[in-house]
Amino acid sequence: FAINVNAMGKEHPFNINYYNSIGKTYFKMDLYNEALKYHKNAEKLTLKLFGKNHSNLINTYDHFGNVYSNLGYYDSALLYFRKSMAVCRQLYSEESHLTKSKYKNFGQVYAKSGLHKDAISNYQEALNEMLKEFGTKDPKIAGIYYQIAEAYGQLHMYDDALKYYQLSLKSNIIDFDETDIFKKSTRKGALDNIGLLKALFGKAQVIQKTTDSRSDLIKNKASLKLLMVCDSIIDEMRFSLINNADRIILSQWTVSIYKY
């Protein structure tokens, strides 16, 4: 970055991406104040060079939103996500898939702040457009189905939660189209193993919550099988990981599964 500044000056357009990249790095390190500082630099330079309706501001405002969301400043997060959407509307129109996809950001903030009904309505708005862009078999679609399922779970609407966990599995596994939640899920053909793991574990938890007694053998067996599949996926993934941080995360998942 310093070399780039020395060669082309502080106000070269390339510096905008550098500022945001550095901010993202600090975000991943949980150094949020540093992240905000660099995203602010990116915002200032974009406004100076290109004005208030430039595509660079879409990503920059999204970065602000993500940082504030992780800090728990939900009003500020929503403010910046709305700014991002406003630029999308100016550049691409209200009906653009880029504009509609921003509803997912709103959904995530509402979910974190405990407003799960608002989260679901915004997720659904994003989902309708994302299905047109990506189709039914895509990790992004599986991810938003999972988030809807989680929100329904928080509302204790377990039948709806199970429905969306199953849709998440169907979207994540290429040759899996089973609608019966008690039929065995397959790992073969999974597009995203982490997403698969989360959906299976979430589904197992909800099945357990809807089980009236230990004598409900069908539900207990179904939940146990799902947890066993989760454990197998973790074992397979652990051997392929080099990053120690990822291995620690998987170990934490294993503890959660066995506790459950």
Inset, instruction - With rounding to the nearest 0.5 Å, note down the distance linking OG1 in Thr25 to CG in Asn20. - result: 10.5 Å
Legend entry - Any donor-acceptor pair under 3.5 Å from Ser168 side chain to Tyr164 backbone: no
Inset, instruction - Could you list the residues that satisfy side chain to side chain contact (heavy atoms under 4.5 Å, CB included) with Gln108, not counting sequence neighbours? - result: Lys104, Asn105, Tyr123, Gln147
Inset, instruction - Please answer whether the main-chain N or O of Asp118 pairs with a side-chain N or O of Ser121 as donor and acceptor at a distance below 3.5 Å. - result: yes
Legend entry - Side-chain donor/acceptor of Ser69 to backbone N/O of Gly65, under 3.5 Å: no
Inset, instruction - Taking atom NZ of Lys44 as the centre, report whether more than 12 heavy atoms of other residues, nucleotides or ligands fall under 6.0 Å from it. - result: no
Legend entry - Donor-acceptor pair, side chain of Ser101 and main chain of Ala126, under 3.5 angstrom: no
Inset, instruction - On the 0 to 90° scale, with breaks at 30° and 60°, tag the Tyr61-Tyr80 ring pair as parallel, tilted or perpendicular. - result: tilted
Inset, instruction - Flag yes if Tyr38 and Leu45 sit in one hydrophobic cluster, no otherwise; membership is Ile, Leu, Val, Met, Phe, Trp, Tyr, and two members link when side-chain heavy atoms are under 4.5 Å apart. - result: yes
Legend entry - Set of residues satisfying salt bridge (charged side-chain N to carboxylate O under 4.0 Å, His left out) with respect to Lys37, sequence neighbours excluded: Glu34
Legend entry - Centroid-centroid distance, Tyr158 to His156, less than 6.0 Å: yes
Legend entry - Side-chain donor or acceptor of Asn172 paired with backbone N/O of Ala190 under 3.5 Å: no
Legend entry - Distance flag, aromatic centroids of Phe27 and Tyr32, threshold under 6.0 Å: yes
Inset, instruction - Output yes when a side-chain donor or acceptor of Lys170 lies under 3.5 Å from a complementary backbone atom of Tyr165, and no otherwise. - result: no
Inset, instruction - Check the surroundings of atom OH in Tyr73: do more than 12 heavy atoms from other residues, nucleotides or ligands lie under 6.0 Å from it? - result: no
Legend entry - Ile22 with Leu36, same ILVMFWY side-chain cluster at under 4.5 Å: no
Inset, instruction - Measure the spacing between CE of Met130 and NE2 of His97 and express it to the nearest 0.5 Å. - result: 10.0 Å
